[in-house]
2 protein chains.
Amino acid sequence: MSQNPEWTASAAIWSTRTSLARMDNKWSTMVVIALGRSGGLRFRDLRATVEGISAKVLTETLRDLERDGLVARHEYAGMPPRVEYELTELGRTLHLPLQALGLWAEEHAAQVLAAREAYDSARR
Amino acid sequence: MSQNPEWTASAAIWSTRTSLARMDNKWSTMVVIALGRSGGLRFRDLRATVEGISAKVLTETLRDLERDGLVARHEYAGMPPRVEYELTELGRTLHLPLQALGLWAEEHAAQVLAAREAYDSARR
DNA sequence: CAGGATCCTGCTGGATACTG
DNA sequence: CAGTATCCAGCAGGATCCTG
């Protein structure tokens with residue numbers, strides 16, 4: 001056990017310069033999952049789905065995801081404005097891994113909570 | 001498209017109170033993947049594997065993961081000290097989903113980078 | 001070597017108000 | 001409705017120094 005690790009690419013992969021940097025962001029992951037599940041949402045519906053996100057942060061998040069080619073923006077002229085967002089082809093490939101993570105959380109939340117309580121009460 | 005979403009549990013799942021809150025943290029995910037790949041690492045080897053992490057942050061990260069029951073700490077008496085960390089049973093169930101995410105990043109990094117450049121040069 | 005204690009800064013992201 | 005523009009607080013996390 002405990003060999004000299006040859007896997008030090010971590011920083012490169014997770015660095016601010018690459019794709020996963022975005023996925024260590026709570027909001028980005030939630031937006032991608034929301035869009036993946038629904039197949040497409042308007043700005044306001046996204047705000048409702050991703051609880052607690054502010055308009056400002058949602059806008060920024062969407063711009064970043066758009067920039068990374070994960071989300072497509074569709075603007076329909078008219079008043080009041082109406083804008084829809086959906087995952088791109090690329091974004092859809094990301095949805096599965098993220099979904100898996102979400103599933104894990106749902107399934108193991110209880111165990112984590114229990115572990116936490118055990119840990120806390122052990123040193124009190 | 002764009003129905004009223006019934007899936008609003010997002011905040012609950014990702015909230016600071018549950019398990020995934022930890023996984024939107026770059027450092028935590030890197031540590032879990034590193035431990036999963038190696039099967040166990042000493043503190044110093046973790047520092048080497050998870051590039052760029054400071055001792056302070058690594059310590060905090062490990063404590064949190066330990067508290068959540070994802071990581072086990074083994075202290076071997078002696079001087080100099082020697083402490084090994086490994087994933088618990090629970091932690092190992094998390095490794096797969098995270099690994100999948102890491103794989104996605106490696107496979108699609110180029111596409112994301114390309115999308116980014118396209119986006120940037122389009123509005124310059 | 002493993003990590004606790006401190007100090008300090010940047011950036012995330014919340015609140016609020018305004019516009020096409 | 002879908003943003004943009006400010007202003008600002010909190011906290012993650014880096015640097016540094018110290019100890020069992």
Side-chain angles (χ1 to χ4, degrees), chain A residues 1-2 4-5 10-11 14-17 20-31 34-35 40-67 71-86 123, chain B residues 1-5 10-11 14-17 20-31 34-35 40-68 71-86 123:
Chain A
M1 213 186 297
S2 201
N4 234 11
S10 21
W14 251 263
S15 92
T16 357
R17 313 198 48 253
L20 261 195
R22 185 115 309 120
M23 289 311 124
D24 68 14
N25 174 350
K26 180 171 110 187
W27 300 125
S28 297
T29 60
M30 296 213 298
V31 165
L35 289 178
L41 286 177
R42 303 183 54 176
F43 187 87
R44 44 174 265 169
D45 293 332
L46 264 174
R47 275 200 76 178
T49 307
V50 181
E51 286 178 0
I53 197 170
S54 68
K56 176 195 162 198
V57 173
L58 178 54
T59 309
E60 290 167 352
T61 303
L62 286 168
R63 289 290 165 281
D64 285 343
L65 291 174
E66 205 189 340
R67 187 169 105 99
V71 160
R73 202 185 104 108
H74 304 288
E75 188 171 353
Y76 302 98
M79 200 53 175
R82 169 197 177 85
V83 181
E84 282 222 5
Y85 294 91
E86 62 173 348
R123 55 220 77 200
Chain B
M1 215 188 297
S2 202
Q3 300 301 327
N4 234 14
S10 20
W14 249 262
S15 92
T16 357
R17 314 197 50 253
L20 261 194
R22 185 113 311 120
M23 289 312 122
D24 67 15
N25 174 349
K26 179 171 109 186
W27 299 125
S28 297
T29 61
M30 296 212 300
V31 166
L35 288 178
L41 286 176
R42 304 184 54 177
F43 187 88
R44 42 172 269 173
D45 292 331
L46 265 173
R47 275 200 76 179
T49 307
V50 181
E51 284 178 1
I53 197 170
S54 68
K56 176 196 163 200
V57 173
L58 178 54
T59 310
E60 291 167 352
T61 303
L62 286 169
R63 289 291 163 281
D64 285 344
L65 291 174
E66 207 189 338
R67 188 168 104 98
D68 285 2
V71 161
R73 201 185 106 107
H74 303 288
E75 189 172 352
Y76 302 98
M79 199 55 175
R82 169 197 176 85
V83 181
E84 282 222 7
Y85 294 91
E86 61 172 348
R123 53 221 77 199

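Every chain is numbered from 1, with letters handed out A, B, ... down the list of sequences.
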[X], nearest nucleotide to its side chain (from [options]):
X	options	result
A/W27	D/dT4, C/dA2, C/dG13	C/dG13
A/R42	D/dG3, D/dA2, C/dG13	D/dA2
B/V57	C/dG4, D/dG14, D/dT4	D/dG14
A/F43	C/dG13, D/dA2, C/dA2	D/dA2
B/R44	D/dG3, C/dA2, D/dG13	C/dA2
A/P81	D/dA2, D/dG3, D/dG14	D/dA2

With respect to the phosphate group of C/dA2, does any side-chain polar atom (N or O) of B/R63 fall under 4.0 Å of OP1 or OP2?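 For C/dA2, OP1/OP2 do not have a side-chain N/O of B/R63 under 4.0 Å.
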Distance check needed: [N] [atom2] versus [X] [atom1], whole Å only.
X	N	atom1	atom2	answer
A/R73	D/dA2	CZ	P	10 Å
B/K26	D/dG13	NZ	C1'	10 Å
B/L62	C/dC1	CG	P	17 Å
B/D64	D/dC11	CG	C1'	14 Å
B/M79	D/dG20	CE	P	10 Å
B/E60	C/dA5	CD	C1'	11 Å
A/L58	D/dA5	CG	P	16 Å
A/I53	D/dA2	CD1	P	14 Å

Check this for me: does any side-chain nitrogen of one of A/R63 and A/E60 sit under 4.0 Å from a carboxylate oxygen of the other?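 Salt bridge flag = no for A/E60 with A/R63.
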Contact class for B/R47 (heavy atom, under 4.0 Å): base, sugar-phosphate, or nothing?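 Counting heavy atoms under 4.0 Å across all strands, no contact is made by B/R47.
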Quick one, [X] and [Y] - any side-chain contact, counting heavy atoms below 4.5 Å?
X	Y	value
A/E86	A/V71	no
B/Y85	B/L41	no
B/W27	B/V50	yes
B/L46	B/L62	yes

Nearest nucleotide by nearest heavy atom, which residue falls closer to the 5' end of DNA chain C, A/S54 or A/P80?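 Nearest nucleotide further toward 5': that of A/S54.
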Classify the side chain of B/K56 and the base of C/dG4 as holding, or not holding, a donor-acceptor pair under 3.5 Å.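 When only heavy-atom distances are counted, B/K56 does not reach the base of C/dG4 through any donor-acceptor pair under 3.5 Å.
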